[in-house]
Structures are given as C-alpha cells and as structure tokens.
Amino acid sequence: MGGAEWLRGLSETDLAARLDEVDYVAEENVVTTVYLAVQLGRPLLIEGAPGSGKTELGKALAAAFDAELIRLQCYEGLTAENALYEWNYTKQLLAVQDGSGTVPAAEDGAGTEVEGSSVFDESFLLERPLLRALRAEGSTPPVLLIDEIDRADAAFEAFLLEVLADFQVTIPELGTVRANQPPVVVLTSNRTRGLSDALKRRCLYLHLEPPSVEKEHEIVRRKVPELDAAIAAEVCAVVAELREETFLKPPGVAETLDWARAVATLRAEDGNGSLTPGEIERTIGCLLKEVEDVDRVDESLLERLERAAATAAAGATPGDRVE
Amino acid sequence: MNREWDRPTEREQAQGPTGHRPGETVPDFGAARRHVIAETVRLARRLRRRGVAVPQSASVDATRALAAVGLGDRDRVASALRATLLGTGADIEAFEAEFPGYWLRLRAGLEGIAVAATGDIEGRGGRPGTEPPTDPEPDQALDVTDPPAQEGEAAPQTGTRPDIMLSTGQREATASTPTGRAEGAIRRYSPDGRREAIDVTAGRLTTRERRQVERFVAALAGLPGRRDRTAAHGRRIDLARTVRASLETGGTPIALPKRTPRRSELRCCLLVDVSGSVLDAIDRSTLVAVVAALGRAARRARTFLFDSELREVTAALDGARDEPAAALRAAAGSWGGGTRIGHAFSAIRERAPTAVDRRTVVVIVSDGLDVGDEETLRAGIAWLRRRAGAIVWLNPLAVAPAYEPTAAGMSTCLPYLDGLFGFVGPADLGAAADQIDRLGLDGPVGLPYHGGRAPGEGRP
C-alpha cells in the first residue's frame, strides 16, 4: 500500500501546487474537497453544467500525481460485462477448434485428472477499465474517471456500488481480484437524471460552479498561451457579456477555450488590435451551438460585445462594466 | 442541552474536567470533541428539516472530514461539510442558510472551552468543577479613596467621592485605565473609557427567568392600541351592546357591557448602554442573555448598543438564536467605553428615526452616569418623549435602597420617563412587570413610588 500512503501524506497546499503545475486553475473549495476525497478514501462525485471542467479535473488529477488515467465512459445500456471484463469469445472458439485449448477433462477411470490448458485463462481475458483499475501496478494508485454516470442505468449503478465499496470483484473462473492500492475514483454527472441515494451516500459531493471572470482569464492564459494576454482579457469580457443573455445553451469554459484557440489561430497571420464584430461573427460557431442562439446574434448584440471588449482592453478588469 | 453524549463519561469525571490536576490549564479536549460532534449532528438534523436528503451516515463522514480539515478556517470547514452532507446542487441554498449559525455556535463553544482553560481573572464563566469565586460580603465596599489623577484624563465629573457603593460580586474591579490588577483597583469612569472586546458567552436563562422576561414584555405590550375587545371589566362602555342588551329590559340599560384594549404584541426599541460602568454593575452574560430574550419575545425589537458610539445589532441577534454573544461580537466588536447618552439619542435621530414611532416602547438600559453634554441629552430625551409611545428606563444602580436619581444624566431624563426600574437580572424584570400590570404604564410605577430591592436579594 505504499502508493496510497504517499498520496495520503500529501497536504492541501501540496495538492494545490501540483494542480497549479498542470495548469488546472481551481477554486479553494475544489482543492479542499479533492484533498478530503484522497484522505478519506472516498469516491468524488462532481456535478456541474456541461463544459465546466469536470472531466478536466479528473485528467488534471492524474497528470498531477503522475498516475495512470483509466477512463470509463458511461452510456445507456452499459453493462457489467462491458465495464469489468469480457472473455474473448472468438479466440476461445478458435482455440477450442484448434484443440490447443480444451476444457479440463473429467476424471478418467483411473481417477487422475487430465490437466489441459483451459480456455478460461488470462490470455483470453479482455480487461475493461474497472478491472484494469483494480489490477493496476505502479507506485501511485491510478485515477479511475467514470464519465457521465447519469447516463448509465440504475442496474449499472448498483453494480458500481458493489465494486466501489470493497474494490474487489470475483471472476467465477479465475477467482477473486483484489486491488492492492484502491484507485482514486472520480465520477462526473451532468444531472440529466438524479443518481441513486446509495451512490451519493458513498461519495463526496462537489458542485463545480462556473468560474469568476478573473479565474476564467487565468484559465485562458494558461491553456492558450499563444493568445496575447490583452486579447485574452477581451475574450473573457465578451464571453461574460454573452452569458448575461438568455441562450438555450450558454457558453461554458470549454467553449471559451475553443474560441480563444480559434481567435489565436486566425490571428496568427495578421492579428493586431482588439476584437472586431466581424471577427466575433465569423467565429460565433465556437461559442453558440444551437441554431436559435446563433440567430439571436444581431448587430446590436455585436456592438455590445465590442464595447465590452474595448472596456477590457482599456485596462479595466474584465469584471467591470460600463453602465 | 444535556443529552447523552454531552455528559462527561465516568472516566472523565473521575479525572476532573480537564483531566489534569487542578492548577494546570489544559483545554478540555473531551468537551471540545463532544461539542463538535453535537453541533455537526444538529446541523445535519436542521438540514433534514429543511428538506435536504442527508443520509444517516453523513454525520459520521462529516466529522471525519472535519478531523481531516481542521476547525480553523471557515471556508475549508464549509467545503468539507458541503462535500459530505449534500447530494445535489439544489441543497446548497439550504446549506448556506444554516451554515452561519452553525459556524457561530461551533466557534463560540470552542472559544468558551479555551477561555475557561486559560483561567478567567474576574470570576465570570466559572465552570462546574473549578473553584467558585468567593462572594464578597454584601457590605464590604470597594476601597473608598480618591481615584488617582491620571495623565491626560479629566477628573471624573461624578464628584470626588462615589455616592453609591455597590458590591458587584466580582473579585476584582476591572479598570478602564487600570491602576493595577491587585485587590482594590478602582475603576475610573472617564468619557473615553478604553474599550475591550466582547468575550463573554451568553448565560442560559432558566425557564423561570425566561418567563419573567416574557412577562415584562407582555406588560409593556399593554400600551393602548386601536383595537378593543369585549370584556367583563374594562374601562370603556360598549354603547352598541348596551343598547342591544337594553331591549331585554324594556329599553332601560341595566347591563353595561365593557370594552378593554386588546393586547397587542410589543414593538420596542432597545437601547443598551454597554459602557464600563454598566458592565461592572450587571453580570455580562446575563445582560446578553436578557437582551437576546427581549429581542425574541417582542414582536419587533430593534436593538442598539451604545457607549460612546451607537451600533445597531438587530440583524446580528436575529440571525443567531443560540449564540447571541458571538453575534454581538461579530457585529459590534467591543464594548466598555465611556457613556454618552445624549450623543446616542441624536445618533438614533439621524440614522434610524423609524426605529421609534407612536406605538413603540423605548427601553433604555443604562445607569444614567452621563458625561456628555447636558443640552444634547435633554434635546434627545425630549425628542424620544415626543415620538415614542412610552419610555422605560432600567437602571442597574437603582436596586440599592439608598439610591436617588440625582446623577447629572439621570436627573435630566427623569421627568420624561414613564417608569424607572432597577435591573440587574430577570427577577427585577418580573417585579417591574407586576407593577406595570397592576397600575399601567401611566400610573405610579417604578421609582420613587416603589423603592428598589435591597442588594443581595435574588442576585443572579
């Protein structure tokens, strides 16, 4: 259990520093909650609007601890077999037909068992994410990221509960597999449906709020270093102004980063000066992903956005607004 | 609350409250642990009452998280509790509503345990198991010498010899500019007394004391409002019913049904003098507890603390039902300065005139030893008299039988008052309530009609 102990010996400031190194800008309560999850050995359930950085947090954790990231994407109809392990049926069939792998023979008359190589062997086992997380070797425990658990059904949740409770599974043919070092489990949910109480009880809960304008500015500066800092401020101001509108799908942090990268790419040849309405209109597809929202972008809105960008460029902090 | 988990275990009792020999001051970790657990469980129950689905095992998880995170940083404690007690984003609102009260109670309890461990000099807040402070004899007065003149401070205006000697039940008198901590240190009540932080925990009133406070509030609420109700005995005759009843007797009114004013609930404006002189005369924790109880019993009570400045603490007291002292500390910060009553009245007139209106009873808790300007005081009390429904003055010095309201501030205000009562504890409020009930606020109540109690009787 050397790896897990090392992880538990981390202090909160260490954790914050490591997350900072991998360029994940986190609020203090996020750091505290992650620290608690690691200390108490509990899974961490992250909820929040789409694009608020839930999956990013799992990836950042793995990068920060230099651990393996094992990702399980949930979908409707996901079953235990898909998540845990599967037998490679084709290979088994071929092996049986070959004769190189046989089912263990029954006792013959003399009472001795004939030992044959079985088709239920390690080589025929296809490891799926959960089993891989349980069997991971290495100095640090892996980070198991279970994405969008709300898309899986209730039966899978119950199965997951059992795995998360003891970190061991029983494969009938092979025996019990126990985890040497319990992985750090991160679950994300988009709240398309409510999760079962038993699962919520087992996990620590973290609600990711959309970041403040200053934090978003910091995130853009770190993740899109090729973009000029002043333009980054304008980008954040424009997105903040857009969020004030009532769109079907308001832009999240992911959209901000996409747009920042798009602007950086477009400006790579000739970029100078602040954002123009034409530039915003051309790249609006990075920010707004619904037809109705795109239709709502008209002249007056573009002018407002340009003014917000100009205010930011004039040196005011992105949060100030000219009334 | 004396629940099962609040009582010390047998082993702790055998060891003594601190688990160490008396004389060593180590904080009572057992009590601190019990306090944290009790408060966290209480928080979980409160959240459940608000409709948050907190699972049963969550309190265990929450206390484990608190152990990992520590109790010093408010934000970290909030994050830890949010992570363990909540399950959905919709619960965050309920949590934000309950958390401030929880935090105040938690810190107040822990600070109380810490303060008790460091040993209190003035004999307040004694815990069971430690030696109780020895009460001074009732007639053993403070050493009557002229207070030594201090540099840069004016001589006290109340005269060179104190007129009233009052044993305060404290082992030492605190000094605003301390001449020394030894026995016999004299307090000088200067206009700019030095303030100190509010570091008391509110005492708990017994049921009987709480009922006395409530009776006082009910008595004050008897101000005639506009509504009447029928009654067998009342002051006004109900003409309509008289005429109706007279039909039975052939047109001659024989029965005279009466009406009496309907009891309304009290709206009061509470002005509490927290200068050094008052704080030495009243037990501080009782004062805080009574102020909080008054605020709760009245229908609408705006509470102000004043010494040389006026501070409103209504919102803070409303928000902290269980720990008023911590709320006061958060809102007002310090008390114990000099007394400027006239300035306080003018401040109310400027900043919160709507606190006093025709249906409000103004309750002033002060000893009347004012060292401000007399004209300001007269103008202020006259404005209050014109504007308020009634003014009641509670004076901690008035419990002495030899007391006469001759001090400068008190004598200026006396003609404008509806009643002047002595007050050191809830029992005095009960006695005042009796008088008001019997005679009404506009009758002959309080001093000088009914003298104050002898000191030493029913002292908290």
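Lettering of chains follows the sequences in order, A, B, ..., and the numbering in each one begins at 1. On a predicted model such as this, the values are computed, not experimentally measured, just so you know.
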Determine whether [X] and [Y] make a side-chain contact, defined as any pair of heavy atoms from C-beta on separated by less than 4.5 Å.
X         : Y         : value
Arg74(B)  : Phe99(B)  : yes
Arg311(B) : Val274(B) : yes
Phe304(B) : Val272(B) : no
Ile70(A)  : Val143(A) : no
Arg18(A)  : Asp20(A)  : no
Phe65(A)  : Leu10(A)  : yes
Leu69(A)  : Pro142(A) : no

query: Between Glu216(A) and Arg243(A), does at least one N-O distance fall below 4.0 Å, as a salt bridge requires?
result: yes
- request: Anything in residues 43-54 of chain A with a heavy-atom distance to chain B below 4.5 Å? Please list those residues in order.
  value: Glu47(A)
task: Residue by residue, scan residues 196-207 of chain A and write down, ordered by number, those that have a heavy-atom distance under 4.5 Å to chain B; if none do, write 'none'.
output: Lys200(A), Arg201(A), Cys203(A), Leu204(A), Tyr205(A), His207(A)
Counting heavy-atom pairs closer than 4.5 Å to chain A, which one of [options] comes out on top?
options                                : result
Ala80(B), Pro55(B), Ser79(B)           : Ser79(B)
Ala78(B), Ala68(B), Ala65(B)           : Ala65(B)
Ala67(B), Ala53(B), Ser57(B)           : Ser57(B)
Leu85(B), Asp73(B), Leu86(B), Val54(B) : Leu86(B)

query: What residue in Gln39(A), Arg42(A), Glu28(A), Arg191(A) has the most heavy-atom pairs under 4.5 Å with chain B?
result: Arg42(A)
field: Arg193(A) atom CZ, neighbour heavy-atom count above 12 within 6.0 Å
entry: yes
- request: To the nearest 0.5 angstrom, please state how far the CD atom of Glu157(A) sits from the CG atom of Asp150(A).
  value: 8.5 Å
- request: Begin from the C-alpha positions of Thr303(B) and Glu312(B) and carry the test side-chain contact (heavy atoms from CB on, under 4.5 Å) through to its verdict.
  value: CA-CA 6 Å; Thr303(B) 316; Glu312(B) 177 163 10; over 6 Å; no
- prompt: So, Thr32(A) and Glu12(A): side-chain donor and acceptor under 3.5 Å apart, yes or no?
  reply: yes
field: Region of Ala58(B) in contact with chain A, defined by heavy-atom distances below 4.5 Å
entry: neither
